[in-house]
S.K.: 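I'd like to ask some things about the structure below.
Numbered from 1 within each chain, the chains take letters A, B, ... in sequence-line order. Here the structure is a predicted model, which is why all the values come from computation and not from measurement.
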2 protein chains.
Amino acid sequence: MTGEQTKKPGRKPRIRDAEATKARILDAAKKEFAKNGLGGARVDDIAEKAKANKRMIYHYFESKEGLFQTVLEDAYLDIRSAEQKLHLEDLDPKVALEKLVRFTWEYYLKNPEFLTLVNSENLHRAKHLKKSEIIKVSSRKLVNMVSSILERGVTAGIFRDGVDPVQLNITIAAVGYYYLTNRFTGTIIYERDLMARDALEQRIQFNIETIMRLVTV
Amino acid sequence: MTGEQTKKPGRKPRIRDAEATKARILDAAKKEFAKNGLGGARVDDIAEKAKANKRMIYHYFESKEGLFQTVLEDAYLDIRSAEQKLHLEDLDPKVALEKLVRFTWEYYLKNPEFLTLVNSENLHRAKHLKKSEIIKVSSRKLVNMVSSILERGVTAGIFRDGVDPVQLNITIAAVGYYYLTNRFTGTIIYERDLMARDALEQRIQFNIETIMRLVTV
DNA sequence: CAATTAACGCACTAACTAGTTACTTCTTTA
DNA sequence: TAAAGAAGTAACTAGTTAGTGCGTTAATTG
């Protein structure tokens, strides 16, 4: 009987595509890690969702943690690259700052996995991000961008002097991040549907107000 | 041989104390859940750290999730009770608000488990907190407190009108919470030790400035 | 087209994990 | 002080889980 049925019948001849498989795994992993955290995520589930064999995960990413690290790096690179595409350096300082606040909010809103991935990484004391050099480089660009907006605003006489760009950056992230990452407990604590259409609209307006008042003379 | 050695020798006669055992379990669980999240926490580890038998956990708390729920409730009740003890209603509105901002910051700083527990609960879409009625009641008091500070400030002509107390509350939490819960990734992203003594001092000052500018006329 | 390489898949394992069974030991109270 | 009840323990189970060994099949290249 050996060698008789080389091609098992009734199974489609698989098309081989390493890049596509890798991409499917990464996509499934992102969702699974975001939903359950690093510890709660199941490698078998990721493989199934990716329509890939579990063996492939270990082939491409070495380990569950290796996979997590790649997912996390990709997530950071994505937001950093989207920020760069805003071209804030070409805009009026006030307009640029408001645009950044709005962008940050909308990015978190559209990519809630980013929030949970970052939370998960902090639970693990950033051990995966520590290894990544490219993340530092791209983050530096963001701080420089905010720094330059602030400087131009000061020169134009509309922003006050002495605002630390890093603190400002952190605060821009904070006012959106906290609201959205804690939307489930928040909805209970504040007895208000934080994700309702008008609640979201009210929040982004409030955040813009917060940041503008912070930097204005 | 039966009944011959009723008391096994060489073992201390255990002192029985249900409340103390329960408390030790809760304390160990809080640390374990905070460190590893609900999914990553190990019931065996909690039992060991609590110097209790695992069976006791199931005796007192029914399940791992039951234990988590109690830990979480206790954590919320603790911060809400500490807030009430500030007696902000007796203070000048500006002083009261600054005191609340400072308190919130210091509470997070001294109780980092609170942050991870809340993060973990949000990963699970607040399914445990949902069941708790007492949390809603105590949260309402906090919102009312901030609400009353705002009102008194408006009457005194020092705060502007129309600031939503819930949004303000969220923002007070946000500016501290985000910084501290993301201190590990933050230290990498911003290439600065966010937990250094002067960095912490700088941050709380920045946060006070942010909140004050937000409410001031 | 043969040989090599790379993608893919099956079935397994060793360690772990939440929860339980069946018991012993201490404390309280009628 | 006997009996009941509550606190505490050890050993176990049934199901998971990350990770692998090894064989198969498709694509590539000399």
Side-chain angles (χ1 to χ4, degrees), chain A residues 1-26 28-29 32-33 35-71 120 124 128, chain B residues 1-26 28-29 32-33 35-71 120 124 128:
Chain A
M1 287 290 270
T2 33
E4 193 184 339
Q5 48 141 39
T6 38
K7 289 184 190 190
K8 284 178 192 167
R11 179 134 50 74
K12 296 153 202 157
R14 294 153 303 164
I15 302 136
R16 298 191 162 194
D17 190 336
E19 284 312 306
T21 304
K22 231 169 142 173
R24 283 203 319 280
I25 290 172
L26 277 173
E32 174 75 6
F33 283 134
K35 196 174 176 186
N36 303 310
L38 173 53
R42 297 294 160 242
V43 178
D44 288 274
D45 291 1
I46 294 171
E48 196 182 2
K49 275 191 207 168
K51 286 179 211 270
N53 191 281
K54 183 164 62 150
R55 198 72 190 73
M56 289 295 96
I57 292 177
Y58 291 91
H59 183 244
Y60 291 125
F61 303 100
E62 282 221 274
S63 64
K64 188 186 179 185
E65 292 210 38
L67 177 57
F68 181 79
Q69 186 172 333
T70 307
V71 166
S120 207
H124 293 87
H128 310 93
Chain B
M1 286 289 270
T2 33
E4 194 183 336
Q5 49 137 39
T6 38
K7 290 180 190 195
K8 283 180 192 166
R11 179 134 50 75
K12 296 155 202 158
R14 294 154 302 163
I15 302 137
R16 297 190 164 197
D17 191 335
E19 285 311 306
T21 304
K22 231 169 141 172
R24 284 204 318 280
I25 291 172
L26 277 173
E32 174 75 5
F33 283 134
K35 197 175 176 186
N36 302 310
L38 172 53
R42 297 294 159 241
V43 178
D44 288 273
D45 291 2
I46 293 172
E48 195 182 4
K49 275 191 205 168
K51 286 179 210 272
N53 190 282
K54 183 165 61 153
R55 196 67 190 77
M56 289 294 95
I57 292 177
Y58 291 92
H59 184 244
Y60 292 125
F61 304 99
E62 280 220 275
S63 64
K64 188 186 179 184
E65 292 209 39
L67 178 57
F68 181 80
Q69 187 172 333
T70 308
V71 166
S120 207
H124 296 271
H128 311 93

S.K.: Do B/Phe61 and B/Lys22 come within less than 4.5 Å of each other through their side chains, counting heavy atoms only?
M.R.: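 In short, these two side chains touch, coming nearer than 4.5 Å.
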S.K.: So what does A/Tyr60 touch, heavy atoms closer than 4.0 Å: a base, only the sugar-phosphate, or nothing?
M.R.: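 The residue A/Tyr60 makes sugar-phosphate contact but no base contact.
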S.K.: Please report how far the helix from C/dC1-D/dG30 to C/dA30-D/dT1 bends, comparing the axis fitted to its first five pairs with the axis fitted to its last five, to the nearest 10 degrees.
M.R.: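 Roughly 0° between the end axes, to the nearest 10°.
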S.K.: Could you check if a side-chain atom of B/Leu38 sits within less than 4.5 angstrom of a side-chain atom of B/His128, using non-hydrogen atoms only?
M.R.: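 A side-chain contact exists here, since the closest heavy-atom pair is under 4.5 Å.
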S.K.: In whole angstrom, what separates A/Met56's CE from C/dC10's P?
M.R.: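 Those two atoms, CE and P, are 11 Å apart.
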S.K.: Quick one, B/Leu67 with B/Tyr60, criterion side chain to side chain contact (heavy atoms under 4.5 Å, CB included). Give me CA distance, side-chain angles, the key distance, then yes/no.
M.R.: CA-CA 8 Å; B/Leu67 178 57; B/Tyr60 292 125; over 6 Å; no
S.K.: Kindly say whether A/Arg24 contributes a backbone atom to a donor-acceptor pair with the side chain of A/Lys51 at under 3.5 angstrom?
M.R.: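 Side chain of A/Lys51 to backbone of A/Arg24: no pair is present.
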S.K.: Between C1' on D/dG19 and CZ on A/Phe68, what's the gap in Å once rounded to a whole number?
M.R.: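 After rounding, the gap between these two atoms is 19 Å.
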S.K.: Taking the side chain as everything from C-beta on, heavy atoms only, tell me whether A/Phe68 gets closer than 4.5 Å to A/Glu32.
M.R.: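 When only atoms from C-beta onward are counted, A/Glu32 and A/Phe68 do not touch, as no gap falls below 4.5 Å.
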S.K.: OP1 or OP2 of D/dA7 less than 4.0 angstrom from a side-chain nitrogen or oxygen of B/Thr21, does that happen here?
M.R.: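 For D/dA7, OP1/OP2 do not have a side-chain N/O of B/Thr21 under 4.0 Å.
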S.K.: Just so I know, are the side chains of A/Glu62 and A/Gln69 near enough to count as touching, which here means a heavy-atom distance under 4.5 Å?
M.R.: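 A/Glu62 vs A/Gln69: side chains apart.
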S.K.: Between B/Asp17 (side chain) and B/Ala20 (backbone), is there a donor-acceptor pair under 3.5 Å?
M.R.: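 Checking the backbone N and O of B/Ala20 against the side chain of B/Asp17, a donor-acceptor pair under 3.5 Å is found.
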S.K.: Rounded to whole Å, how long is the line connecting atom CZ of A/Phe61 with atom P of D/dA18?
M.R.: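 Computing the A/Phe61:CZ to D/dA18:P distance gives 16 Å.
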S.K.: I'd like to know if the side chain of B/Lys49 and the backbone of B/Asp44 have a donor-acceptor N/O pair within less than 3.5 Å.
M.R.: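 Such a contact is absent between B/Lys49 side chain and B/Asp44 backbone.
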S.K.: Send over the distance from A/Arg24 CZ to C/dG9 C1', rounded to a whole Å.
M.R.: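 Going from A/Arg24 (CZ) to C/dG9 (C1'), I get 14 Å.
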S.K.: Between protein and nucleotides 17-23 of chain C, map the contacts as a letter string: B base, S sugar-phosphate only, - none, heavy atoms under 4.0 Å, written 5' to 3'.
M.R.: SBBBB--
S.K.: In this structure, how many angstroms lie between the P atom of C/dG9 and the CD1 atom of A/Ile57, rounded?
M.R.: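 After rounding, the reported distance stands at 12 Å.
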S.K.: To the nearest Å, how far apart are B/His59 NE2 and C/dT25 C1'?
M.R.: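 So the NE2-C1' distance, B/His59 to C/dT25, works out to 14 Å.
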S.K.: List in chain and number order the residues that pass ring pair (Phe, Tyr, Trp, His ring centres under 6.0 Å) with B/His124, two or more places apart in sequence or in another chain; answer none if no residue qualifies.
M.R.: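 Residues passing ring pair (Phe, Tyr, Trp, His ring centres under 6.0 Å) with B/His124: none at all.
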